[in-house]
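One-based numbering along the sequence shown.
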Amino acid sequence: MRCLRLAFIGAPLAAVAGILTGDLLGPGGAGATLVLAGAAAVVLALARSPVVRSVVLVVAVVALGCALERRALDGLMSGAVVAAAAARADAVVRGSLVDDPEGTRWSTRVLLRVERARVRTAAGTRSVAEHRTVLVIAEGDAAVRTAVLAAGDRVVLRGWLRPLEGFDGRTRWRHAVARFDARDLLDAAPATVPLALAANEARTIVLRGTDGLAPSEAALVAGFLLGDTRDLPPEVLEQFRASGLSHLLAVSGANVAFVLALVGPLLGRSTRGLRLVVTGSVLVVFGAMTRWEPSVLRACVMAATAVAAAHVGRPSQGVRILSVAATALLLVDPFLLRSVGFLLSCGASLGITVLSGPLARRLPGPAWLRESIGTTVAAQIGVAPVLLAVFGSIPLVCVPANLLAVPLAGPLTTWGLTGGVAAGMLRSSAPALSAVLQLPTRVLAQALLGLAALASSVPASLDAVDVTVGAAAIVLAAATVVVRQKRRRMLRERALVVPPG
C-alpha cells in the first residue's frame, strides 16, 4: 500500500513528464498513446501487487499527459479558423466571451469562444461551424461597446482574422488559435447559460459594495474578493509584486475556505448527500464568479476532492489531495503547466502542507506567532522555485511584508464580502449606514496599499545564485547535525554494551 500511496503522490510529476514528452513529440494524433493509457488502466484494475499497480499508474499518467498535450497542440495548428487566420480573411464571428474584457477606451482585449463564423477569402464566402477560441482586439467604437460586457455574454463581431504574433502568442496557452481584429460590434446579448447568469449576478452584488470607495481601494477589494485586478493602476500592481504580496490579489484556498465557512452553518442539519451537492454547487458558482483563474481551479478542485473523500468515509491528507487535484487539472488542461498562477498556487499549497507544521513547532514564541511565521515561510519556500525561474529573484522583504499583511488580508476579505454586500444593498436607501459599513474596508485597503508601497521600496533581493548557495549551506548544516546526533547515539549505545574500563 505504501508503494501505491507514493505513486499517487508522485502522479503530478508523472503528468508533467508526460506533458513535456508530448512537447518533444509535437502536435499529432494521440490514438496510440491513448490506447497505451487505456491498457495501463485495465492492468491497474486487475493487478493485485502494489508494486505493479504503482508502476502501471505512473505509466498510465505519463501516457495520458503525453497524449493530451499532443492533442492540445494539434488543436492550435489545425482547423478552418486557423486556416482563415493564415489567409488573413475578413470574417463575421458569433460566440460567447470567455472572460471579462480588459483594456482602455481605445482598445479592448478579450478571449472569445467562436461558435460560428462567416469567412470571406479570395475563393469566396463560406460558413464555418467550429468551436475555437480567438483573441479579440477591438478598437474605436467597438472597443467602447465591448468593454462594458462580461464573461458569458454573446456577441457578433465583424473584422478580420490573423495569426497570433509577439506578445499575443502567450494566449495560445489559453487555447487561442488566432487573433481577431474587430472593427464593429454588430450585436450583443446577455449570457444564456444559467451558470454564467448566476455568476455575473453574484459578481454584481459583491462589487456593488465597493461603489463608495476610492478607485484604488475599490480595485484592491475586487482583487482580493474576485481576483479582478483590471482597474488597479500598473504602479500598484508592480508594488505588490516587488513586495512579494501579489498572491493576495489572486483568489486561492483562503477565499474558497471562507465561502464554504459561510455556507457551512446553513447545512448543519442536512443530510450528507445534500451537503455534498450544495458544497459542489457553491464551488462551481464561486469558480465561475472568479472566471476560473488557475489558482481558483486548484483550490476548488482540492476542496471538492476533500469533501468527496470525507463523504465516502476516506478522509485524506493535504499532500494527497493536492496531488490528486494537480494531476486531474494537468490532464484536463495540459497547458496549465505554462500558467505561472497555477504553479505558484500549487507551490504555495505544497509548502504550507508539508513545512508549516514542522516550522511552527520549532520556532520560539506564542502559538499564534509561530503558526503565522511558519505558514508564511513555508509558502515562500514553496513558491521560490517558480519566482526564481520567472522573475529571476526573490524580494527579501517578502516574509516580513507577508507577516504584516496577514492580519490585514483576512479581515479585508471577510468584511469586504459580508459588509460590502450589506453596504451595496443599503447604498440607495440608507447611504449614511452604507458609508459606516464601508469604513473598515476603506481603512484596511489603505493600510495594505501603504504596506505594499513601503515594502516595495526595499531594494534587496535574492537571485538564483544566492538561493542555491543558501540552500546548499542549509542542507550541509542539516546533514552535519544529523551525522553528529547519530554518532552520539551510537556512542551511547556502545557505552551501554561495553562499560568504560
- Message: If you count heavy atoms of other groups shown closer than 6.0 angstrom to CZ of R230, is the number above 12?
- Response: yes
- Item | Minimum heavy-atom distance between A15 and L331, given as atom pair plus value | CB-CD2, 4.4 Å
- Message: Between E217 and A214 (side chain of the first, backbone of the second, donor and acceptor by atom type, cut-off under 3.5 Å), is there such a pair?
- Response: yes
- Query: Measuring from I373:CD1 to L363:CG, what's the distance to the nearest 0.5 Å?
  - Reply: 6.0 Å
- Spatial distance of atom OG (S345) from atom CG (L322) [nearest 0.5 Å]: 8.5 Å
- Task: Identify the two heavy atoms, one from N255 and one from F286, that lie closest to each other, and give their separation to 0.1 Å.
- Result: CB-CZ, 4.0 Å
- Item | Donor-acceptor under 3.5 Å (S339 side chain, F335 main chain) | no
- Considering only NZ, NE, NH1 and NH2 on the basic side and carboxylate oxygens on the acidic side, decide whether D228 and R291 come within less than 4.0 Å. no
- Keeping the roles fixed (side chain from W292, backbone from V284), state whether a donor-acceptor pair exists under 3.5 Å. no
- Task: Would you mind reporting whether T133 and L112 have side-chain heavy atoms less than 4.5 Å apart?
- Result: no
- Message: Given L449, which partner from the list L444, L454, V236 fulfils the side chain to side chain contact (heavy atoms under 4.5 Å, CB included) test?
- Response: V236
- Go through L24 and L20 one step at a time and tell me if the side chain to side chain contact (heavy atoms under 4.5 Å, CB included) criterion holds. CA-CA 6 Å; L24 293 175; L20 296 178; 5.9 Å; no
- Note, L330 side chain near F342 side chain (heavy atom, < 4.5 Å): yes
- Message: To the nearest 0.5 Å, what is the distance between CZ on R109 and CG on L135?
- Response: 5.0 Å
- Report the distance from atom CG of L329 to atom SG of C300, rounding to the nearest 0.5 Å. 10.0 Å
- Task: Report yes or no: does T353 contribute a side-chain atom to a donor-acceptor pair with the main-chain N or O of L350 at less than 3.5 Å?
- Result: no
- How close do L197 and A191 get, heavy atom to heavy atom, and via which atoms? CD2-O, 3.0 Å
- Test side chain to side chain contact (heavy atoms under 4.5 Å, CB included) on L343 and L337 and set out the steps. CA-CA 7 Å; L343 297 177; L337 190 59; 4.3 Å; yes
- What's the verdict on side chain to side chain contact (heavy atoms under 4.5 Å, CB included) for S356 and E371, showing C-alpha distance, side-chain angles and the deciding distance? CA-CA 7 Å; S356 61; E371 291 174 359; over 6 Å; no
- Item | Backbone of L276 reached by a side-chain donor or acceptor of T279 within 3.5 Å | no
- Message: Treating R70 as the side-chain partner and G26 as the backbone partner, does any N or O pair qualify as donor plus acceptor under 3.5 Å?
- Response: yes
- Message: Does any part of the side chain of T327, heavy atoms only, come nearer than 4.5 Å to the side chain of S323, both counted from C-beta?
- Response: yes
- D99 (side chain) donor-acceptor with L111 (main chain) under 3.5 angstrom: yes
- Item | Check against side chain to side chain contact (heavy atoms under 4.5 Å, CB included), C346 and R298 | CA-CA 7 Å; C346 289; R298 192 273 310 163; 3.8 Å; yes
- Message: Between the side chains of R174 and E293, is the shortest nitrogen-to-carboxylate-oxygen separation below 4.0 Å, so that they form an ion pair?
- Response: no
- Task: Using a 4.5 Å cut-off on heavy atoms from C-beta on, say whether the side chain of F240 contacts that of L451.
- Result: no
- Query: Looking at side-chain heavy atoms only, is the closest gap between V16 and P12 below 4.5 Å?
  - Reply: no
- Shortest non-hydrogen contact from L408 to A447? CD1-CB, 3.9 Å
- Is there a donor-acceptor contact under 3.5 Å from the side chain of N200 to the main chain of A151? yes
- Query: At their closest point, which heavy atom of R370 faces which heavy atom of G365, and how far apart are they?
  - Reply: NE-O, 2.9 Å
- With a 4.5 Å heavy-atom cut-off, do V98 and V110 have their side chains touching? no
- Task: Carefully, step by step, assess R338 and D333 under the rule salt bridge (charged side-chain N to carboxylate O under 4.0 Å, His left out).
- Result: CA-CA 10 Å; R338 280 88 169 181; D333 184 4; over 6 Å; no
- Has the side chain of N402 got a donor or acceptor atom that lies under 3.5 Å from a matching backbone atom of C398? yes
- Quick one: pull up CZ in R208 and CZ in R203 and give me the separation to the nearest 0.5 Å. 13.5 Å
- Determine whether L237 and L249 make a side-chain contact, defined as any pair of heavy atoms from C-beta on separated by less than 4.5 Å. yes
- Query: Going by heavy atoms in the side chains, are V221 and L225 under 4.5 Å from each other?
  - Reply: yes
- Query: Could you give the distance from CD (E69) to CG (L64), rounded to the nearest 0.5 Å?
  - Reply: 13.0 Å
- Closest heavy-atom pair and its distance - A304, L283: N-CD1, 3.7 Å
